[in-house]
Amino acid sequence: MPALLQRLRQRLTARDHGLLVLRRAGRTAIVMPGTFALCDQVIGNPEMALFAAFGSFAMLMLVGFGGPMRQRMQAQASLAVVSSLFVCLGTLASQAAWLACLAMAVLGFGVLLAGAVSSVLAGASTSLLLSFILPVSLPGTASDVPDRLAGWGLAAVVGLFAIRLLWPEPAADPLRGKAVAACRALAARLRSEDEASPDHEQVVRDAHRALDELQRQFLTTPYRPTGLSASDRAVVRLVDELNWARRVIVHSLPIPDDSPNLAARRARIAAANVLGHGADLLAAPRTSPDALHAASAELRAALFALERDAADVLPPLSGRAPENGTGASTVSADEPADRQVTEVIDALEPGFRAHELAFVVGAIGDNVDAAARAERRTWVQRLLGRQATGLPGTLSAAQERVSAHVDPHSVWLHNSVRGAVGLALAVLVANLTDVQHAFWVVVGALSVLRSNALSTGQNALRAVLGTLAGFAIGALLLLPIGSDTTPLWFLLPVTILVAGVAPAVISFAAGQAAFTLELVILFNILQPTGWRVGLVRIEDVAIGCGVSLVVGLLFWPRGAGAALNTALSQAYTASSRYLAAAVEFGLRRPGSRPASTAVEAKRQAVRAASAARRMDDAFRQYLTERGAKTTPLAEFAMLIGGVIGLRLAADTVLDLWERDGDQAFGEGSTARPAQLPHAQLRHTLLRRTWQVTDWYDDFARSLDGGRPVPRSLDQDADADRALVRALREDLRDKHGIASATAVRAIWTGDHLSALRRNQQTLVQPVLATGLGHGERAPD
């Protein structure tokens, strides 16, 4: 016996990290029988007892909010209020079959789609649906509302105390903790490189490990691991930015003390300080932010100095090329010209990498500061919904997230429509067939709906087999007990505990069996009918499973893998268009740019962000889908990283050209202020942009099966020479003094070159795994 208990304990701790499931099941096993007994035995109201029992199950077993205790209590109280409202609405809608079906469809769609807003709402969706399914499936009138609401309200109030007092979970925010570790590791790596530390290799390994753990925490959860609060929204943006910062650091080289690029060295040191102080503030957001503010100001000053001094390190360009009949310059591709191109690009490379790093680290510092300011708000400011400066309000953030999924290809939209239709159809079938317990038809459909028809069918089989097993065990127990309810009261807490733990520790079918046994006992206490209760539930659950299987076949025959390919394709297309709009915006004179270019760039940025959000949700749906994965997760993660890199490159280009060039050049600088790029320079940069964006558009179509995978582009030496020629013609005066636009133009070209180099890393996963069309385009 001790050996068996030891094995059970090991299995429980292995599958239930932190014993979170056991905590919820234990609380429910105490509260649910207590509220049920109070309403049934003391008050003597079976209707109230039924809703108190299922209210306890919904509020304690089916949901588990994370974060600090105050945040958990707020979320639990909000769930109690909304679910109580649903109980009232469900009771009123149950009076007519057509109204019950319509209401179930509308409310089910709204609840499921709202899960796209945050993990808090997504995690509470089953509880919210149950609070409506129960009353809408049990015909009642307005006179039944007080009893039902009293039972549910009692469970909600007692549940609040139970969460606070009965074995509460320790406050934990794994994403924030890993983000803190990643910030500190990147700061240590930057300092180690520039100081030539003897432990540099170990510091590099530690940095990679910290970033990998942050990425793993973010990717391997079924919902975005963030709430709707302003602080949570700021923290989650750090994941992409920190991974992009790692990539920039990997592709850059340390800058020695005697380098002419001292501004680049100062920018790297300032970036390390921002990361270090940002980690401290993120770990303790209620402390003073002065250190981070000072470091951020230092980084901004270093960024301006970097742009100012970059023009001064450009090597002199010899002579002017002769003009042809059209007025355009021509230059032969001889060895001196090639060497001149290399010298110009190499001279600006350290500055480009430092500028790229300063931009992303500056964004990291801003997000950390915003998260800390949101944490420091008073309870009155939180109550009034006043947000920290620089962060959108809760309502506007929710609207933005939901609007991102109002798209025909959105996985979340598909799931919401499918779930709503499935639940509404289950309500309709239950009313038309006049089953004894319509509630179980709808719950049966809810419990087995998954992302595709195959998984739905597998879960339907498990649900029915589990129900049969639970019924068999219940019948064996009820035969000797008969109509005596006393033993059932002792068995009820035990079955509740097992029903809560079994799905996570044993299997879905085991959970169904324990849940069936729990309900057999519960209904036999209310109205002793013996084993017939279990038999009725088998019939009702089978009908609900059949409904879910039909809906799965109709609405999602292919599963989440195909949807993820489509979402990836759309994300690459939208990000590519954003990059093109950002470059087009930059190649206009500061102060005289048409408003349409700025509007178009911002509009494409919003579209790219929405497409990336749909891609993220499709990837999470793919993670939770049962069955073997035909494509390794590492390959998908690499493709998702390509989207992030494309978007952040567009962000950097837009930021590079958005600031008035004159602001970056102080008194005493030899550089001329920014000016309108000549047609030759504009044509050169746009041609390079179109080459890159056309490739990413073709690559996007290949992911969705529209065409073969394109070959990665080779580095275009002719384009580099054309760019340098354009700079010589247009952006230097007769004394050879460079303008601010010269630096911005070359750095823009560097971003395009970096995106070219990244193409090969994207092509290989597609060819290796057969994603999309899975064939290379002919040479």
Taking only Lys NZ, Arg NE, NH1 and NH2, and the carboxylate oxygens of Asp or Glu, determine whether Asp212 and Arg246 approach each other closer than 4.0 Å.
yes
side-chain contact (heavy atoms from CB on, under 4.5 Å) test vs Leu762 passes for just one of Leu639, Leu703, Val709, namely Leu639
request  = Please examine the side chains of Asp280 and Arg184, heavy atoms only from C-beta on, and report whether any two atoms are closer than 4.5 Å.
outcome  = yes
Tell me whether Arg353 contacts the main-chain N or O of Ile249 through its side chain, where contact means a donor paired with an acceptor under 3.5 Å.
no
ask   = Using a distance-only test with no angle check, is there a side-chain donor-acceptor pair under 3.5 angstrom linking Asn758 and Thr761?
value = yes
> Does any N or O in the side chain of Ser192 come within less than 3.5 Å of the main-chain N or O of Ala188, such that one atom is a donor and the other an acceptor?
Replying inline: no
Across all chains, not counting sequence neighbours, the salt bridge (charged side-chain N to carboxylate O under 4.0 Å, His left out) partners of Arg205 are none
Looking only at heavy atoms, the pair that brings Val583 and Val653 closest together is CG2-CG1, 4.1 Å
Contact between His208 and Leu211 at the side-chain level, heavy atoms closer than 4.5 Å - yes or no?
no
- Query: Could Glu213 and Arg216 be called an ion pair, given the rule that one side-chain N must be under 4.0 Å from one carboxylate O?
  - Reply: no
Could you tell me if the side chain of Val361 sits less than 4.5 Å from the side chain of Leu299, heavy atoms only?
yes
*Measure from the side-chain N and O atoms of Thr652 to the backbone N and O of Leu648, and report whether any donor-acceptor pair falls under 3.5 Å.*
yes
### Task
Check whether any side-chain N or O of Trp244 sits under 3.5 Å from a backbone N or O of Gly641 as a donor-acceptor pair, and report yes or no.
no
Minimal heavy-atom distance between Ser576 and Leu646, with the atoms involved, is N-CD2, 3.7 Å
Practice problem: Ignoring hydrogens and angles, tell me if any N or O in the side chain of Arg268 forms a donor-acceptor pair with the backbone of Leu190 under 3.5 Å. | Solution: no
query = Going by distance alone, is a donor N or O of one side chain under 3.5 Å from an acceptor N or O of the other, for Thr573 and Arg701?
reply = no
Minimal heavy-atom distance between Ala580 and Thr689, with the atoms involved, is CA-CG2, 4.0 Å
Query raised in the report: Does any non-hydrogen side-chain atom of Arg756 lie less than 4.5 Å from one of Leu752?
Result: no
Smallest heavy-atom separation, Leu242 atom then Ala182 atom, equals CD1-CB, 4.0 Å
Are Tyr696 and Leu755 packed together at the side-chain level, in the sense that at least one heavy-atom pair is separated by less than 4.5 angstrom? yes
Between Leu275 and Ala187 the two heavy atoms that sit nearest each other are CB-CB, 3.7 Å
Minimal heavy-atom distance between Ala581 and Ala601, with the atoms involved, is CB-CA, 3.8 Å
Any donor-acceptor pair under 3.5 Å linking the side chain of Asp655 with the backbone of Asp651?
no
TODO: Could you walk me through whether His355 and Leu656 pass side chain to side chain contact (heavy atoms under 4.5 Å, CB included), step by step?
DONE: CA-CA 9 Å; His355 179 275; Leu656 180 66; 3.4 Å; yes
